[in-house]
Novice: 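Structure below; questions to follow.
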Amino acid sequence: MDTIIPHAIEIKNLSFSYEKEQVLTNVNCKIDVGSYVGIVGHNGSGKSTLLKLILGILQPDKGKVYLFGKDNSVSIEWSKIGYVSQKAGISISHVPITVDEVVKMEKVSDYAVDEALTSVHMLKFKHKLLRELSGGQQQRIFIARALVKKPQLLILDEPTVGVDVKTQETFYELLSRLNTEQNITLLLVSHDLHTISHKVKTVIQLDRKTYPYNLTSCNVNHIHSPYAAAH
Amino acid sequence: MQQLTELFQYEFMVRAFWAGLIVAIIAPLIGSFLVVRRLSLIADTLSHVALTGVAIGLLLGINPLITTMICTVVTAYIIEELRSNERISAESVLAMILPGGLAMALILISLANGFNTSLITYLFGSITAVTQQDLWIIFGLGIGIAVIFILFYREFMYTSFDEESARTSGIPVKLINHLFMILIALTVSVAMKVVGALLIGALMIIPVITAMQIVQGFKKSIVVSVGVAFISMIMGLIVSYYANLPAGATIVMTSISLFALISILKRI
Ligand SMILES: Nc1ncnc2c1ncn2[C@@H]1O[C@H](COP(=O)(O)OP(=O)(O)O)[C@@H](O)[C@H]1O
Ligand SMILES: [Mg+2]
């Protein structure tokens with residue numbers, strides 16, 4: 001089966017350490033196309049690191065990551081992948097950059113920019129300065145930038161940090177719309193298990209503290225969130 | 001008006017204006033991304049390294065502009081390697097290399113003991129001493145820098161604002177960072193003859209932050225910053241000629257005055 005429909009993400013025996021600190025040990029994971037997965041874990045448990053390994057920004061000590069069936073150390077089809085990093089919004093308040101300019105960092109047509117801004121309900125802010133928007137609105141602009149190339153997989157690192165509860169609700173509505181209507185595979189990282197487990201379809205827990213031997217392993221086809229089941 | 005035409009009777013003044021205008025275009029182009037990256041200090045660091053280049057040039061009897069370019073480009077490469085390695089902060093790398101460049105220049109001078117006065121002109125600029133050969137090099141480099149800037153604008157922009165996301169757009173971030181560092185190095189080399197090593201940083205940054213105060217949009221701010229640099233350059237050169245003041249210092253003070261003026265006007 002695996003060879004017929006490749007998984008959006010497949011992680012095999014992945015281990016990674018920064019200098020002396022072993023962060024991930026023997027992680028195994030398969031994420032199907034069309035799934036909506038949340039990765040949770042305490043600060044410092046290695047969530048961002050795992051995402052960077054998936055995206056090929058970091059190289060593993062051991063193991064492999066396959067994106068849509070292709071080894072990510074060989075090549076990555078970036079047009080299929082949208083990423084919103086944890087640092088996306090940092091350090092831009094001193095520069096008068098417009099919303100339009102942020103989305104256009106991707107090489108796309110004006111039409112596609114409008115379309116992406118519309119899908120996050122931010123079109124009317126197109127010519128506003130990014131720094132004049134609220135945290136939640138800025139986050140939606142970065143998602144528009146990730147969506148503008150029409151990715152099949154969208155990866156978000158702590159997208160709701162610093163966003164109020166009400167805005168978070170609209171934000172999660174947007175994500176589930178993307179997942180159900182456009183069949184975009186979503187991978188969402190958060191340190192807030194409680195909130196996220198009500199939103200996503202599957203939860204992966206990544207926590208060295210719960211695995212004393214640094215063993216983190218999952219197979220999302222089999223592990224389901226206790227919260228998600230209740231819905 | 002008559003007096004202005006008198007200014008251009010002198011060939012050295014004509015060359016000074018040309019060199020000044022080229023620098024006024026490229027310095028804010030590069031400076032804009034330095035402001036985004038909060039790396040304004042890079043220009044000052046490389047300009048001190050440029051002094052080492054000048055000393056080597058004078059010592060070997062080669063056009064110092066050429067040895068300066070070599071020194072700054074090599075150093076820029078080293079800075080980027082150290083910076084991207086993340087174990088040392090960019091700030092400390094610069095804080096080490098800046099005095100290093102100056103110290104090296106001083107040692108070379110004292111070894112050769114003789115060309116001190118010549119070096120002074122590079123410290124504070126000697127736009128009126130721009131030779132025809134200098135002008136050609138400045139002209140060629142200026143066009144090269146501007147063309148690369150335009151061709152790779154999106155890549156520089158994305159990488160400066162958000163390195164990780166830029167990577168997921170398929171941009172070869174490491175290569176783009178090195179290319180950008182080379183552009184800074186070349187800009188510093190070109191600008192040194194005009195405003196002097198100690199004042200280059202000012203010319204790359206002040207017009208940019210002036211423009212950013214009055215404009216909505218990053219691209220617009222770049223265009224306006226070039227305009228601001230142009231005005232500072234022309235007014236600075238004219239004032240320095242008639243008031244018999246050092247050109248580089250007058251240009252920098254003019255741009256600071258423009259910045260102050262706009263800050264005050266914005267507030268009322
Ligand atoms: N660039 C780095 N160099 C060294 N250690 C790092 C680096 N980035 C993260 N770490 C360490 O790796 C661990 C996991 O970090 P991270 O993946 O950012 O966690 P999370 O995103 O789950 O909060 C932490 O202990 C952190 O201190
Ligand atoms: Mg993190």
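Predicted model only: the values in this text are computed from it and were never measured. Just so it is clear: chains get the letters A, B, ... in the order the sequence lines come, proteins before strands, and each one is counted from 1.
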Novice: Is the F149(B) to F33(B) ring centre distance short of 6.0 Å?
Specialist: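 Yes, the ring of F149(B) comes within the 6.0 Å limit of the ring of F33(B), centre to centre.
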
Novice: Is the shortest distance from a Lys or Arg side-chain nitrogen in K199(A) or E173(A) to a carboxylate oxygen in the other one below 4.0 Å?
Specialist: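 Between E173(A) and K199(A) there is no salt bridge, as every charged N stays at least 4.0 Å from the carboxylate O atoms.
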
Novice: Taking all non-hydrogen atoms of both residues, which atom of L53(A) and which atom of N72(A) are closest, and how far apart?
Specialist: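 Answer, listing the atom of L53(A) first, then N72(A): O-ND2, 3.0 Å.
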
Novice: Under 4.5 Å heavy-atom distance to chain B, tell me which part of E132(A) shows up: side chain, backbone, both or neither.
Specialist: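 Side chain of E132(A) only, per the 4.5 Å heavy-atom cut-off to chain B.
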
Novice: Could you have a look at L55(A), I155(A), I57(A), T98(A) and say which one has the most heavy-atom pairs with chain B under 4.5 angstrom?
Specialist: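 With the most close heavy-atom pairs to chain B, the winner is I57(A).
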
Novice: Looking only at heavy atoms and a cut-off of under 4.5 Å, which of Q216(B), M157(B), R37(B), Q213(B) has the most pairs with chain A?
Specialist: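 Highest number of pairs under 4.5 Å: Q216(B).
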
Novice: For residues R145(A) and E106(A), report the shortest heavy-atom separation together with the two atoms involved.
Specialist: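 Taking R145(A) first and E106(A) second, the nearest heavy atoms are O-CG, 3.5 Å.
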
Novice: Between V35(B) and chain A, with a heavy-atom cut-off of 4.5 Å, which part of the residue counts as in contact: side chain, backbone, both or neither?
Specialist: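 Contact with chain A is through both the backbone and side chain of V35(B).
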
Novice: Let's test your reading of the structure: which of S221(B), G217(B), S32(B), A166(B) forms the most heavy-atom pairs below 4.5 Å with chain A?
Specialist: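 So the answer, after comparing S221(B), G217(B), S32(B), A166(B), is G217(B).
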
Novice: Please state whether the side chain, the backbone, both or neither of K149(A) comes within less than 4.5 Å of a heavy atom of chain B.
Specialist: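 Side chain of K149(A) only, per the 4.5 Å heavy-atom cut-off to chain B.
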
Novice: List the atom of A76(B), the atom of L46(B), and the distance in Å for their closest heavy-atom pair.
Specialist: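 Smallest interatomic distance, heavy atoms only, reads N-CD2, 4.0 Å.
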
